[in-house]
Amino acid sequence: MSGTKTPTAQGTWTVRVSGAVSFRIRRRGVYYGLACTAAALAAVVALLLVGAYPISFAGVVDALFYGTGDRLAVHFVNRERLPQAVLALLGGAAMGASGAIFQSLARNPLASPEIIGFTSGAATGAVLTIAFTGGTALVAPGAIGGGLATACAVYLLSYKGGSDTLRLIMVGLGVTAMLGSVNSYLLTRSDLRTAQDAHLWLIGSLNGKGWDEVAILAPAAAVLLPAAVALGRRLRMLELGDAMATGLGVRPDRTRLALAVLGVALCGATVAAIGPVPFIALAAPQIAARLARTPGMGVMGSALTGAVLLAAAHLVSGQLFPVLVRWGEAFPALAIANPESVHLGVPVGAVCSVLGGLYLVALLTRRWRNG
Amino acid sequence: MSVDAAPAVRTRPRYAAALAATAALLGLLVLLSIGVGAKFYPPAQVWDVLWHHDGSYAADVIRELRLPRTLLGLMVGVALGLAGSLMQALTGNPLADPGILGVSAGASAAVVLAVGVLGVASYTGYIWFALLGAFAAATLVYLIGQTGAGRASPVRLVLAGAAIGACLTGFIAGVSGLDAATFDHLRFWTVGSLAGHAPQVLTGMLPFAAVGTAIALALGRALNAVALGDDTARSLGVRLIRTRALGILAVTLLCGSATAAAGPIGFVGLVVPLAVRSFTGPDQRWIMPFAMLVSPCLLLSADILGRVVLPDGELEVGAVTALLGAPVFIAMVRRGKLSAR
């Protein structure tokens with residue numbers, strides 16, 4: 001950008017693009033964005049280096065840039081670790097942005113796709129598709145359709161002379177409980193291999209994913225993420241109330257609809273590529289707002305935070321088993337009954353779900369303690 | 001004081017008659033549950049074969065498969081109905097249910113840990129894990145819901161249950177997918193089903209469920225007082241901490257043993273006490289006996305329905321109760337039952 005930056009008071013920079021166009025950016029926000037980017041890059045490097053098959057740093061560099069060296073190393077780095085790292089970043093960013101939009105529109109930190117039933121509906125859609133078509137080819141549209149249908153159903157069921165966020169959340173919980181049971185039932189109706197595939201879809205996993213999935217997510221993210229960031233600036237104005245927003249030149253209903261469509265599309269694209277990964281959409285906006293000290297839900301900060309979170313969760317989920325096996329050697333009483341199953345790895349969605357639950361506990365107790 | 005007085009004299013015969021009618025209905029459902037399945041056996045034949053084994057194939061099916069399944073349904077039904085009533089009384093929360101408040105999830109997660117990681121295969125082995133898991137989850141949810149000023153509101157407990165449930169679901173999903181054999185075993189268990197359990201499950205569950213039932217029934221008077229508020233209850237001579245501790249113990253025993261036996265079965269503990277309460281009013285000394293009879297009626301009906309509703313195969317009882325129960329939960333939320341207190 002060919003602007004000049006001049007430090008001003010109150011921790012902001014003013015960027016002048018031309019004589020008539022200028023905007024201010026908060027310094028802390030910039031630092032936070034840079035820190036997130038650095039963390040995301042570090043996570044990618046770690047994801048390329050670490051795995052069940054040991055590859056040296058030099059080996060990774062050779063495989064990545066020259067495609068030479070150990071054939072297995074080339075395969076693992078270029079066909080598994082790299083696309084999975086890319087998926088983690090894109091999926092995390094999409095989920096983070098989607099969460100920021102939903103939470104800002106609903107003005108409630110609990111209004112994330114998993115709580116309003118979108119993710120469980122997407123899972124049901126995916127499993128139904130797998131059960132009826134016997135393959136994973138049509139899973140993406142099935143998942144998005146299921147998620148959309150469920151989210152609409154939850155919204156309509158909770159609508160009673162106006163929409164109430166708390167009622168929305170409670171209805172979402174009820175529908176989620178019902179769909180969870182349906183999902184479990186569907187898993188018992190297929191043969192074991194299909195059920196295992198479907199099980200991974202239910203929770204969201206990066207294991208076994210590759211460039212095919214990147215091809216689903218990347219184009220969607222390339223269009224939707226910039227649009228969300230651009231429109232996201234209007235969220236702040238909507239948070240001021242419809243009258244104020246109208247005064248500032250924003251048409252509230254139309255903007256809200258556009259943002260909701262963007263939020264659903266971002267979430268849907270992620271679900272289509274890697275499954276309904278929980279936690280990111282719930283936590284990323286709040287973490288970003290707290291660390292960057294912004295008053296509202298910044299879409300950009302939330303997307304960056306989401307990317308870091310999912311990449312980190314993927315790193316953890318890949319390392320969980322090796323650690324458990326080592327524990328098992330130290331404490332035979334707690335040993336895993338079938339250590340040969342280790343190569344399967346924990347789905348990243350499972351790690352996210354545990355983290356999400358803990359985060360929710362922290363969020364709730366904090367709110368209630370403060371009244 | 002009214003909590004100590006016998007229930008109003010006028011209503012007593014009416015309730016007793018209703019209780020007898022429910023028991024009769026339950027007896028009928030038991031015969032039906034034994035009779036209905038891939039092959040139908042008329043109640044008369046079921047009755048005959050139950051008393052003397054005539055050496056026929058039908059006798060084998062009835063005594064070896066249908067009878068244990070029905071007895072398990074009875075026990076699990078009693079346990080879930082009582083656990084639900086207890087939880088609603090202890091928390092003053094009409095939305096309390098072992099499933100919604102994460103207690104079943106605690107038991108499930110512990111069983112999954114036992115089966116998937118530690119290789120425990122028998123019911124008598126993993127019931128202890130289930131009890132521990134149920135206890136930990138119940139206590140945690142209660143404590144989390146209790147933070148901040150005032151009594152735990154219905155919404156708070158449900159949200160706390162959802163948070164703990166999310167944690168445990170992630171754990172269950174991560175561990176149950178570990179290897180094919182474990183996954184194959186657990187995927188059938190997680191739905192919640194009365195079918196295909198070994199007879200040891202019945203005998204293993206009985207003592208825990210019996211103790212839990214005894215504690216629950218003994219708590220009726222104290223729970224009535226608790227409903228009047230902590231201060232009133234204390235002045236009526238109820239020891240609150242003891243009542244709550246015994247209540248959580250009973251919930252743990254009932255819910256843990258039931259979940260270990262049949263897997264997580266949701267919404268029975270929610271719907272039954274609510275329905276019973278609308279008939280009996282708030283006296284726990286009537287609610288609990290009714291719940292003990294109505295809940296197995298519901299569970300056996302759901303199980304029978306699951307056997308006949310599909311053209312081939314069965315719909316597990318856990319799926320049936322969820323499909324029937326979730327709409328009730330949503331209807332309650334819509335009616336604004338959650339905003340109280």
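Residue numbers begin at 1 in each chain, while the letters A, B, ... track the order of the sequences.
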> Okay, side chain of B:R334, backbone of A:Y159: is any donor-acceptor separation there less than 3.5 Å?
Replying inline: yes
>> Can you give me the closest heavy-atom contact between A:H199 and B:S176, atom names plus distance?
In response: CE1-OG, 3.7 Å
> What part of B:F329 is in contact with chain A, defined as an atom under 4.5 angstrom from a non-hydrogen atom: side chain, backbone, both or neither?
Replying inline: side chain
If you look only at distance, which donor and acceptor atoms sit under 3.5 Å apart when one is on a side chain in residues 170-181 of chain A and the other is two or more places apart or in another chain?
| from | atom 1 | to | atom 2 | distance (Å) |
| --- | --- | --- | --- | --- |
| A:T176 | OG1 | A:G172 | O | 2.7 |
| A:S181 | OG | B:G318 | O | 3.3 |

> Between A:A195 and B:R187, which heavy-atom pair has the shortest distance, and what is it?
Replying inline: CB-NH1, 3.3 Å
> For A:I203, is it the side chain, the backbone, both or neither that has a heavy atom under 4.5 Å from a heavy atom of chain B?
Replying inline: side chain
>> I'd like to know whether CZ of B:F135 has more than 12 heavy-atom contacts from other residues, nucleotides or ligands below 6.0 angstrom.
In response: no
> Which one, B:S193, B:G192, B:A173, leads in non-hydrogen pairs under 4.5 Å with chain A?
Replying inline: B:A173
>> Nearest 0.5 Å, please: how far is OH in A:Y359 from SG in B:C167?
In response: 13.5 Å
>> Let's test your reading of the structure: which of B:A163, B:A326, B:A322, B:G325 forms the most heavy-atom pairs below 4.5 Å with chain A?
In response: B:A163
> Atom CZ in A:R367, atom CZ in B:R156: separation rounded to 0.5 Å?
Replying inline: 10.0 Å
> Is a salt bridge present between B:E316 and A:R189, judged by a nitrogen-to-oxygen distance below 4.0 Å?
Replying inline: yes
> By a 4.5 Å heavy-atom criterion (distance strictly below it), what part of A:L364 contacts chain B: side chain, backbone, both, or neither?
Replying inline: side chain
>> Could you report the tightest heavy-atom contact between A:P347 and B:G174, atom names first, then the distance?
In response: CD-CA, 4.4 Å
> If you count heavy-atom pairs under 4.5 Å between each of A:N183, A:L355, A:L360 and chain B, which one has the most?
Replying inline: A:L360
> Can you tell which of A:L192, A:V351, A:L358, A:L363 has the highest number of heavy-atom pairs within less than 4.5 Å of chain B?
Replying inline: A:L192
> Quick one: of B:I164, B:L159, B:V120, who has the most non-hydrogen atom pairs under 4.5 Å with chain A?
Replying inline: B:L159
>> Given heavy-atom pairs under 4.5 angstrom as the criterion, report whether the side chain, backbone, both or neither of B:L140 touches chain A.
In response: neither
>> Does any backbone or side-chain atom of B:L310 lie under 4.5 Å from a heavy atom of chain A? Answer side chain, backbone, both or neither.
In response: side chain
>> Report which part of A:V182 has an atom under 4.5 Å of a heavy atom belonging to chain B: side chain, backbone, both, or neither.
In response: side chain
> Do you know the tightest heavy-atom contact between B:V191 and A:S184?
Replying inline: CG2-O, 3.6 Å
> Going through the distances and angles, do B:T190 and A:L187 end up as a side-chain contact (heavy atoms from CB on, under 4.5 Å)?
Replying inline: CA-CA 10 Å; B:T190 351; A:L187 282 189; over 6 Å; no
> Shortest non-hydrogen contact from B:E314 to A:Y185?
Replying inline: O-CE1, 3.7 Å
>> Shorter than 4.5 Å, heavy atoms on both sides: which option in A:G356, A:G357, A:C352, A:S205 has the most such pairs with chain B?
In response: A:G357
> Considering all heavy atoms of both residues, which atom of B:F171 and which atom of A:V354 are nearest to each other, and what is their separation?
Replying inline: N-CG2, 3.6 Å
>> Per the side chain to side chain donor-acceptor pair (under 3.5 Å) rule, what does the pair list look like for residues 118-131 of chain B, sequence neighbours excluded?
In response: B:S122-B:T124
